[in-house]
Q: 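Here it is, the structure in full.
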Amino acid sequence: MLQHIKPDRVELGMFVHGFVGSWFDHPFWRKKFLLEDEDDLLKIRQSKVEAVIVDDERGAAPKIDRPSLTPVEPEPVRRLATQPNPMTARYAPPSVAAKSTGFKQEAKRAARIVEKSKKQVGAMFEAARMGQAIKIKDVAPLIDEIRESVERNNKALTNLVRLKSKDEYTYMHSVAVCALMINMARKLDLDDTTIRHMGMSGLLHDLGKMAVPQMILDKTGRLTDEEFSTIRTHPERGHALIGDNPEVPDMARDVCLHHHEKIDGTGYPFGLAGDEISMAARMGAICDVYDAVTSNRPYKDPWTPAMALGRMGQWQGHFDERLMGVFINSLGLYPAGGLVRLNDHRLALIVDNCPEELMAIRVLPFYCTSRLQEIKPQELIVRPDQGPQILGIERPDFWHFEDWAALRSSVLAKAQGLSAAA
Ligand SMILES: [Fe+2]
C-alpha cells in the first residue's frame, strides 16, 4: 500500500515510490528506489518536499506510533545494520544509476522518449510563441527520462535527435542540447540537482527563437544583415519570456541569455569573455554548436560527430578548451584529426566515423611505439570488441610530434598515395 509521510519519518529500508512537491525540490532524479543509503536518507530528510510516498509492500512500513504529517525533530540517522532487513531481503538492491544497455536496445526506448518530447516541448514552445507562460511542470519529468536514457547508453538518444525535420528543428534541438548537457554534467560528477538544472537549461536555451519570425528561422538562403540582427536578439527574448517564472532555475535564465557568448569576448549579446561567462553557459555553447553542426538540415550536409569535434576543437577563442575536452570525453567519441594510441603498440590518426556504422571509426595507424618509428599508414576500421582497440587520445607533443598539423597532412597524403597505387 502507498502511504504519504513527512520526510522526517522516512527510514532506511523503506521503498520510496515518489515525492509530493515541486519537481526541483526532489532530492533524487530517480523516483522509485529502495532506501538503503544513509546519505540518501539525509537528503530526503533535509529536502523541501511536502511528503514522501512509500510503498510498504516493497519495503519497511512507516511506524504507526507517530502521528502522520506532524512536524517532529528528525531522528539521527542510524548506521545500516549489516544484517539484511527481513522486510527488504526479497527485493534486489536498487541500482544507483540506470543499468547500461546496448545501443540498439536503447535506441527503441530513446525513440519513444523523442516522440513524447516532440509533443511536450513543442507545446511548451508554442505556448511561449503565443505569449503564454511556460509550464515547466509539464516537461520537467521528461528531463529525468532523458537522463535515464543517457545513463543507459549515451549515444542512442543523442544520435536519434540529430535527425530533425524543418518543423520540429527548434524543439528537437532543445531536447538534444538537454541530453548533451546532462551527459556532460554527469562526466563532471555534478550533483543531481545541478544535473537537473543543466537539463532544464538545455531545454530552454533557445526559447527566444519563438519570438523570431518563423520565415527567418526557416530561411535556407543567406540572411540579410537585418535578419541576422533579429536572430541575434533571441537570447534576450528568451530571457524575457522566462521572466520571473519561479519554476525556472536561475541557471536556465543564465544559459538562455549567454549561450552565444564566446571565451574571447566576440560573442553576443554582451561580448562577455573568459570567467565572465558561467560554466553552465560555456557548456551550453559547446552543446548548442555541436548539435547544430551535426544535425540533418534540408539545406546542408551535417558534419559527422568526429568531424564536428575535430573542427570545433580547433576554433580558437570560441569555447572553453577544458570543457571542450570534457565534452569530447563525455561522448566517448574521437575528434577527426586527433591522435590515438591503439592496443597493439601503434599510434594512429583519426580520420572520421564510418557513415554506415555509427560505432566504427576510421583511423590511419602510422607509428610503432615499440620500435619508435613511422610505419606505412594503412586505413583501419576500429569496431567495438573486434580487432585492435583505441586505448585513448594522445598528445602529439608527448611523442615529440612538434608540427602535428604538418605530420597529419603527410600521413593523409601517404595513405592516399598508397590507396591510389593499390
Ligand atoms: Fe541560440
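In this chain, residues are counted from 1 in sequence order. Just follow the structure's listing: the first ligand is 1, and inside any ligand the first atom is 1.
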Q: When you check the gap from the basic side-chain N to the acidic O, do Asp8 and Lys6 get nearer than 4.0 Å?
A: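 Between Lys6 and Asp8 there is no salt bridge, as every charged N stays at least 4.0 Å from the carboxylate O atoms.
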
Q: Looking at Lys262 and Asp264, is there a salt bridge between them, counting it only when a charged N and a carboxylate O are closer than 4.0 Å?
A: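 Judged by the 4.0 Å cut-off on N to carboxylate O distance, Asp264 and Lys262 do not form a salt bridge.
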
Q: Could you work out, with side-chain hydrogen bond (donor to acceptor under 3.5 Å, both in side chains) as the rule, every residue matching Thr230, not counting sequence neighbours?
A: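 So Thr230 forms no side-chain hydrogen bond (donor to acceptor under 3.5 Å, both in side chains) with any residue.
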
Q: Please list all pairs meeting salt bridge (charged side-chain N to carboxylate O under 4.0 Å, His left out) that have one or both residues in residues 265-277, counting only residues at least two apart or in different chains.
A: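 Of all non-adjacent pairs touching residues 265-277, those that pass salt bridge (charged side-chain N to carboxylate O under 4.0 Å, His left out) are Asp275-Arg282.
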
Q: Partners of Asp191 by side-chain hydrogen bond (donor to acceptor under 3.5 Å, both in side chains), sequence neighbours excluded?
A: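 Listed in chain order: Thr194.
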
Q: Can you see whether Asp288 engages His173 through a side-chain donor-acceptor pair at a distance of less than 3.5 angstrom?
A: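 Their side chains do contain a donor-acceptor pair, which is all the 3.5 Å distance test asks for.
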
Q: Mind counting the protein N, O or S atoms sitting less than 2.8 Å from the Fe ion (ligand 1)?
A: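 Every protein N, O or S atom under 2.8 Å from the Fe ion (ligand 1) counted, the figure is 4.
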
